[in-house]
Amino acid sequence: MSKITLQLCAESEVEMVCLGKRIAKALNYPIVITLAGDLGAGKTTLARGILNQLGHSGHVKSPTFSIVEIYEINSCRVAHFDMYRVKDPEELQFFGFHEYFDVSDLILIEWPEQISTFEIGIDLEIKFMTVGNTRNLIFNSMSESGDITLNKLI
Ligand SMILES: Nc1ncnc2c1ncn2[C@@H]1O[C@H](COP(=O)(O)OP(=O)(O)O)[C@@H](O)[C@H]1O
Ligand SMILES: [Mg+2]
């Protein structure tokens with residue numbers, strides 16, 4: 001399997017939303033994407049751009065407290081996770097974390113460091129780095145679905 005790496009940057013919140021829209025247009029389903037980076041790095045903002053492009057026009061709630069927000073947009077099923085508050089991976093059993101993998105077209109996971117992602121099939125990793133208002137994003141594909149997505153994005 002090839003492993004494609006790509007680096008892109010967003011100079012503002014608006015650019016981050018645009019980048020999310022670009023990513024949404026490139027997605028090869030089903031796909032699991034991790035969003036890793038500090039608080040305020042722009043993970044939820046990128047998720048908002050993706051969801052907006054897919055056709056969600058309402059508010060995009062940060063799942064920090066709910067852990068997961070579910071969207072069904074024109075028959076595209078999205079699960080947006082935020083693992084920030086998950087202290088024990090066993091908590092994930094409570095809301096049937098693994099079941100989302102069978103029924104979702106797109107899974108976005110903020111704070112993947114909080115859980116053991118090793119038994120989950122991650123297709124694409126996105127790492128966010130903050131330098132002032134600039135956010136540098138490094139994309140690593142981990143599967144064929146990730147490869148196809150990044151090839152479309154390049
Ligand atoms: N280039 C940028 N991209 C995204 N957000 C930015 C950028 N510059 C400043 N910001 C600000 O950083 C914050 C990002 O918040 P959010 O997307 O919720 O981050 P996270 O989900 O990673 O904690 C917002 O308040 C936004 O206005
Ligand atoms: Mg967030």
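Order of appearance sets the numbers: ligands from 1, and atoms from 1 within every ligand.
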Could you check if a side-chain atom of V68 sits within less than 4.5 angstrom of a side-chain atom of H80, using non-hydrogen atoms only? no

Is there a donor-acceptor pair closer than 3.5 Å between any side-chain N or O of K152 and the backbone N or O of I23? no

Among non-hydrogen protein atoms, atom 18 (O) of ligand 1 lies closest to T44 CB, 3.7 Å

Say whether H98 and Q93, considering side chains only, have a donor N or O and an acceptor N or O under 3.5 Å apart. no

Just checking Q7: does its CD atom have more than 12 heavy atoms from other residues, nucleotides or ligands closer to it than 6.0 angstrom? yes

Examine I31 and I73 and state if one hydrophobic cluster contains both, with Ile, Leu, Val, Met, Phe, Trp and Tyr joined whenever side-chain heavy atoms are less than 4.5 Å apart. yes

Check ion pair R48-E13 (N to O, under 4.0 angstrom): yes

The protein heavy atom nearest to atom 8 (N) of ligand 1 is N133 O, 3.3 Å

Quick one about D82 and T64 (side-chain donor to acceptor, distance below 3.5 Å, no hydrogens or angles considered), yes or no? yes

Look at the side chain of S141 and the backbone N and O of I4, then say whether any donor-acceptor pair between them is shorter than 3.5 Å. yes

Against heavy atoms of T45, which atoms of ligand 1 measure under 4.0 Å? 14 (C), 15 (O), 16 (P), 17 (O)

Where ligand 1 meets A41 - atom numbers and elements under 4.0 angstrom, heavy-atom basis: 19 (O), 20 (P), 22 (O)

Tell me if the OH atom of Y84 is crowded by more than 12 foreign heavy atoms within 6.0 Å. no

Distance only, no hydrogens: is a donor on one side chain within 3.5 Å (strictly under) of an acceptor on the other, for T134 and E11? yes

I'd like to check which ligand 1 atoms, numbered from 1 as shown, lie under 4.0 Å from a non-hydrogen atom of D38. 22 (O)

Just checking, is any N or O donor in the side chain of E69 or S66 under 3.5 Å from an acceptor N or O on the other one? yes

Run the numbers for me: atoms of ligand 1, each under 4.0 Å from some heavy atom of A10, listed by number. 1 (N)

To the nearest 0.1 Å, how far is atom 19 (O) of ligand 1 from its closest protein heavy atom, and which atom is that? G42 N, 3.1 Å

In the protein, what heavy atom is nearest to atom 25 (O) of ligand 1, and what distance, to one decimal place, separates them? E13 OE1, 4.7 Å

Quick one: which of R48, E110, M16 has a heavy atom closest to atom 4 (C) of ligand 1? M16

Closer than 4.0 Å to some heavy atom of L39 - which atoms of ligand 1 meet that? 23 (O)

Taken by chain and residue number, the protein N/O/S atoms under 2.8 Å from the Mg ion (ligand 2) read T44 OG1, E110 OE1

Only heavy atoms of S12, strictly under 4.0 Å: list the atoms of ligand 1 that pass. 1 (N), 2 (C), 3 (N), 7 (C)

Tell me the nearest of E11, K43, R135 to atom 10 (N) of ligand 1, using heavy-atom distances. R135

Could you find the nearest protein heavy atom to atom 23 (O) of ligand 1 and give me its residue, atom name and distance? G40 N, 2.8 Å

Can a donor-acceptor pair be found between the side chains of S143 and S145 at a distance below 3.5 Å? no

